[in-house]
**Student:** 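Below you'll find the structure I mean.
Each ligand, and each atom within it, is numbered from 1 in the order the structure gives. These values consider heavy atoms only, across backbone and side chains, with no hydrogens, waters or symmetry-generated copies.
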Amino acid sequence: MNKKITKICCIGAGYVGGPTMAVIAQKCPHIKVTVVDLNEARIAAWNDPDTENIPVYEPGLSAVVAEARGRNLFFSTEVDKAIDEAEMIFISVNTPTKTYGSGKGMAADLKYIELCARQIARVAKDDKIVVEKSTLPVRTAEAVKNILQNTGNGVNYQILSNPEFLAEGTAVEDLHAPDRVLIGGDTTPEGQSALASLVEVYNNWVPRERILTTNLWSSELSKLTANAFLAQRVSSINALSELCERTGADVTEVARSIGTDSRIGSKFLKASVGFGGSCFQKDILNLVYIARSYGLQEVADYWEQVIIMNDHQKSRFANNIVKTLYNTVSGKKIAFLGWAFKKDTNDTRESAAIYVADALLNEEAGIAVYDPKVPESQVYFDLNYLGSRDADKNKTQVTVFTDPYEACKDAHAIAILTEWDEFKAYDWKRIFDNMKKPAFVFDGRSIIDSASLTEIGFKVYTIGK
Ligand code: NAD
Ligand code: UDX
């Protein structure tokens, strides 16, 4: 008989921990769910009486939090207390690319994972099921188990891998109706019993046939692989977008033509200025690193090409702006519509906008940014974090606006970096009338009808056309 879970703790209240636990709490009112984080400001924001101010913007999320918070969903900085109380502990902390030491720039930095394992080992007094929710290199569970078993107080631990497949911008939808939930566990009877406990939690709203169970290593590796396959499709269509631009083919038409083949499918074939987000690049680099560390050079080179293509797409978009604006953007104003890495999120990690901006700032352009959900402080943080120039210079060259029409006023060109729906509804004639002439639009998301912009008088470049 598996244990019936009544108390869950989740370490890490970020883009995964917050929404995932909010939905578990919403769908399982009989389970007390406590989400803990070291970041006090983040926890305070999750506890803001006005749920519109929670730190993660996702359509539908504030309503889920409003329903469950205070009932069976809690956000706290008291990590030890939450670990002690819980029967099941999710680890949902960040696993960024290493910025130091061996594997720098490639491997996942597992220091936050190790800290969590050590903290659980220190605090736990009774048996715990520890669930890896973070995306981890294959065989990480072995290290987690080692730490728990060798530094703990004789407590029994079961480790499960339960990677998260939600995409930002559609997180609530994805969590409510996932294509699948993946749970990996040990093949021992104890491992299978822990696995059954987690299956039971999800089965409160996810049909049993959508809950896949595997061994630990298959589960860990499947997550990296799923992201690599998705990113590979974006790089494939982006590679074709460049060829389309040279040959007169239209990438949207090509994508439709190939995507209607049911073996290929139509999703993830949208050419863009390049994929961003906290996952794709990090996870592929990690996959490449793992393959190399097993001596699998061809496997590593194959996947690395997905990243090389993505970097090329971002820099060729920026180069095209410079070339089109008569080979100089020095002192010119370029308006950026969008800074987030995709629509319907306030997340900017690895957003293509940051890299396009950086390239144009190197050419001494002035940049005016408007994004409906990204605050000014985040734009400066992203550019300063890149470290190409000092913060004062970023502040002089970049201005952030809360009104798109003001951002575009007197600009020589507009670059569309995020596919926010609201951009389509703008009064483009009004925007055109207030810009320098000739006025250019560089549509990196192929969202605005180029014929209507051309009719107004814009010179339009659309990715892949
Ligand atoms: P995030 O940076 O938004 O959140 C991680 C949180 O963990 C931070 O708030 C940080 O303060 C906290 N934290 C770190 N160490 C801690 C500790 N020792 N104790 C308490 N709190 C601690 O990251 P995220 O986007 O939520 O991603 C988390 C994991 O999920 C990563 O492994 C990521 O690859 C994976 N993932 C992310 C997504 C996504 O869309 N963002 C999707 C699937 C999987
Ligand atoms: C991704 C995976 O989709 C998700 O399953 C995983 O859990 C986390 O990583 P996310 O990064 O949040 O999710 O968003 P996603 O929709 O995958 O988009 C990633 C990037 O690819 C975005 O910059 C998006 O604009 C870009 N993209 C996506 C394209 O350029 N073209 C496409 O056709 C699809």
**Student:** At what distance is the nearest protein heavy atom to atom 28 (C) of ligand 2, and which residue and atom is it?
**Tutor:**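 Answer for atom 28 (C) of ligand 2: Phe268 CE2, 3.6 Å.
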**Student:** Hey, is ligand 2 close enough to Glu419 that some N/O pair sits below 3.5 Å?
**Tutor:**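 In fact, backbone or side chain, Glu419 has no N or O that close.
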**Student:** With a cut-off of under 6.0 Å to the ring centre and 45° to the axis, is Lys145 in cation-pi contact with Tyr157?
**Tutor:**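 The answer is no; the distance or angle limit is not met.
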**Student:** Regarding ligand 2, does Phe280 bring an N or O atom to under 3.5 Å of one of the ligand's N or O atoms?
**Tutor:**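 Between Phe280 and ligand 2, no N or O pair is found under 3.5 Å apart.
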**Student:** Out of all atoms in ligand 1, which are within 4.0 Å of some heavy atom of Tyr112? Include the element for each.
**Tutor:**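 Under 4.0 Å from Tyr112, ligand 1 has these atoms: 15 (N).
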**Student:** Ring of Phe75, cation from Arg69 - is the NZ or CZ under 6.0 Å from the centre and inside 45° of the axis?
**Tutor:**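 The answer is no; the distance or angle limit is not met.
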**Student:** I need the nearest protein heavy-atom contact for atom 24 (C) of ligand 2: residue, atom name and distance, please.
**Tutor:**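 The protein heavy atom lying closest is Arg445 NH1, 4.0 Å.
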**Student:** Among all the protein's non-hydrogen atoms, which is closest to atom 31 (N) of ligand 2, and how far away is it?
**Tutor:**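 Protein heavy atom with the smallest distance to atom 31 (N) of ligand 2: Lys270 O, 2.8 Å.
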**Student:** Evaluating non-hydrogen atoms only, which member of Leu166, Val93, Ile83, Ile43 is closest to atom 29 (C) of ligand 1?
**Tutor:**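 Checking each option, the heavy atom nearest atom 29 (C) of ligand 1 is found in Val93.
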**Student:** Would you mind checking which non-hydrogen protein atom is closest to atom 14 (O) of ligand 2, with the distance to 0.1 Å?
**Tutor:**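 Heavy-atom neighbour on the protein nearest atom 14 (O) of ligand 2: Lys342 NZ, 3.4 Å.
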**Student:** Of all the heavy atoms in Lys282, does at least one lie under 4.0 Å from an atom in ligand 1?
**Tutor:**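 Yes, Lys282 has heavy atoms under 4.0 Å from ligand 1.
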**Student:** Is Phe165 close to ligand 2, meaning an N/O of one under 3.5 Å from an N/O of the other?
**Tutor:**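 Yes, Phe165 has an N/O under 3.5 Å of an N/O on ligand 2.
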